[in-house]
Number of protein chains: 2
Amino acid sequence: MQDIFHPDIKDISLTNVFSALSDPMRLRIVVQLGSMDEEYTCAELQPDGITKSTISHHFKVLRESGIIRTRLEGTRRFVSLRKQDLEARFPGLLTMIFALQSSNEDKGE
Amino acid sequence: MQDIFHPDIKDISLTNVFSALSDPMRLRIVVQLGSMDEEYTCAELQPDGITKSTISHHFKVLRESGIIRTRLEGTRRFVSLRKQDLEARFPGLLTMIFALQSSNEDKGE
DNA sequence: ATTAATGTTCAACAAAATTCGAACAATAGA
DNA sequence: TCTATTGTTCGAATTTTGTTGAACATTAAT
């Protein structure tokens, strides 16, 4: 039932990462995950007015593309950015994304 | 008829750029455009087995997302990377992409 | 054993993206 | 004025993506 598949570093593809980050909601999640070195539950990152199944779908996309890691603990799932892996695979990508956090980018436009 | 719309630098959005680059064919075009400081005609960048209408569509996506610039000359159109604009807007993005050119990324996987 | 909490999965739908061929537009050249 | 060249645009078909509610699974707590 629970696959919780995480691709190996070498299998993280740039096109898949770009595809995952092309959705405003997912990009915002990544920015939020990067803003603090902590884990979040899925519910904590769920925007208002968005259903559980929707956010679950986005986490799956982010996880299968190699951007986040999911850890089970009881009934909850903690997600975190694969910072080191992404930096090793695509140096500078996260840095560039976080730099835009201060400007006016990640709100879908 | 001919719009040839190019978004202003400030209107280039990261999600749109990621979306444009999430397609393997378009990413390959960008890599090829970046490998030389030259302009290409659309036909020169057309992969084997791909129709004109398809490649025309991809150039439109790249242009409207702010990644390339199109210049008319006679019946041909020369396309080039908006290197400076992209570097100003998303510092390090192109550098990161071109670094992968040497590795084994940009072939769809 | 119930009940609650946290997410996933499934079926369904709507919207968007990809691809193609045919038709068209604009220019260059004979 | 024809004709060739280069590329766009317009449907249409197919595929992918985003979203939701209902049902389910798993664990925790009572």
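Below, chains carry the letters A, B, ... as their sequence lines are ordered, and counting in each starts from 1. When reading the values below, keep in mind they use all heavy atoms of this one structure, side chains included, and skip hydrogens, waters and symmetry mates. Note that the structure is a prediction, hence the values are computed from the model and not measured.
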Query raised in the report: With sequence neighbours left out, what residues match P91(A) under side chain to side chain contact (heavy atoms under 4.5 Å, CB included)?
Result: E87(A)

**Report entry** Rounded interatomic separation in angstrom, taking CD from E73(B) and P from dG29(C)
**Finding:** 11 Å

Requested in this report: Rounded to the nearest angstrom, tell me the gap between atom CD1 in I50(B) and atom C1' in dC20(C).
Outcome: 10 Å

Query raised in the report: Rounded to the Å, how far apart are K52(B) NZ and dA26(C) P?
Result: 16 Å

Report task. Can you tell me the distance, in whole Å, between the CG atom of L72(B) and the P atom of dA28(C)? Result -> 10 Å

Report task. State the CZ-CD1 distance between F90(A) and I97(A), to the nearest 0.5 angstrom. Result -> 11.0 Å

Query - Donor/acceptor link under 3.5 angstrom from S56(B) side chain onto base of dG7(D) - result: no

Using nucleotides 2-5 of chain D, report all nitrogen or oxygen pairs with the protein that are shorter than 3.5 Å.
from	atom 1	to	atom 2	distance (Å)
dT5(D)	O2	T75(B)	OG1	3.3

Query raised in the report: Who pairs with S53(A) by side chain to side chain contact (heavy atoms under 4.5 Å, CB included), at least two apart in sequence or on another chain?
Result: T51(A)

Query raised in the report: Is T51(B) side chain donor-acceptor paired with the dG21(C) base, going by distance under 3.5 Å alone?
Result: no

Requested in this report: Kindly write out the residues that satisfy salt bridge (Lys or Arg N to Asp or Glu O under 4.0 Å) with R76(A), not counting sequence neighbours, or none if the list is empty.
Outcome: none

Report task. Could you name each residue pair satisfying ring-ring contact (aromatic ring centres under 6.0 Å, His included) that touches residues 64-84 of chain A, not counting sequence neighbours? Result -> none

Query - Close residues, residues 57-69 of chain A, relative to DNA chain C [heavy-atom separation under 4.0 Å] - result: none

Query - dT19(C) OP1/OP2 closer than 4.0 Å to side-chain N/O of S53(B) - result: no

**Report entry** R76(A) side-chain N/O to dA28(D) phosphate OP1/OP2 under 4.0 Å
**Finding:** no

Requested in this report: Give, for atom CD of E39(B) and atom CD of E44(B), the distance between the pair rounded to the nearest 0.5 Å.
Outcome: 10.0 Å

Query raised in the report: Nearest-Å distance, CD (Q46(B)) to P (dG7(D))?
Result: 8 Å

**Report entry** Partners meeting ring-ring contact (aromatic ring centres under 6.0 Å, His included) with F59(B) (sequence neighbours left out)
**Finding:** none

Query raised in the report: Who pairs with R82(B) by salt bridge (Lys or Arg N to Asp or Glu O under 4.0 Å), at least two apart in sequence or on another chain?
Result: D85(B)

Report task. Apply salt bridge (Lys or Arg N to Asp or Glu O under 4.0 Å) to D23(B) and list each qualifying residue two or more places apart in sequence or on a separate chain. Result -> none

Query raised in the report: Over how many whole Å does the gap from M25(A) atom CE to dT17(D) atom P extend?
Result: 16 Å

Query raised in the report: What's the CD1-P distance between I4(A) and dT8(C), to the nearest Å?
Result: 8 Å

Query raised in the report: Rounding to a whole Å, what distance do you find between I29(A):CD1 and dG7(C):P?
Result: 12 Å

Query raised in the report: So, is R77(B) close to the dT8(D) phosphate, meaning a side-chain N or O under 4.0 Å from OP1 or OP2?
Result: yes

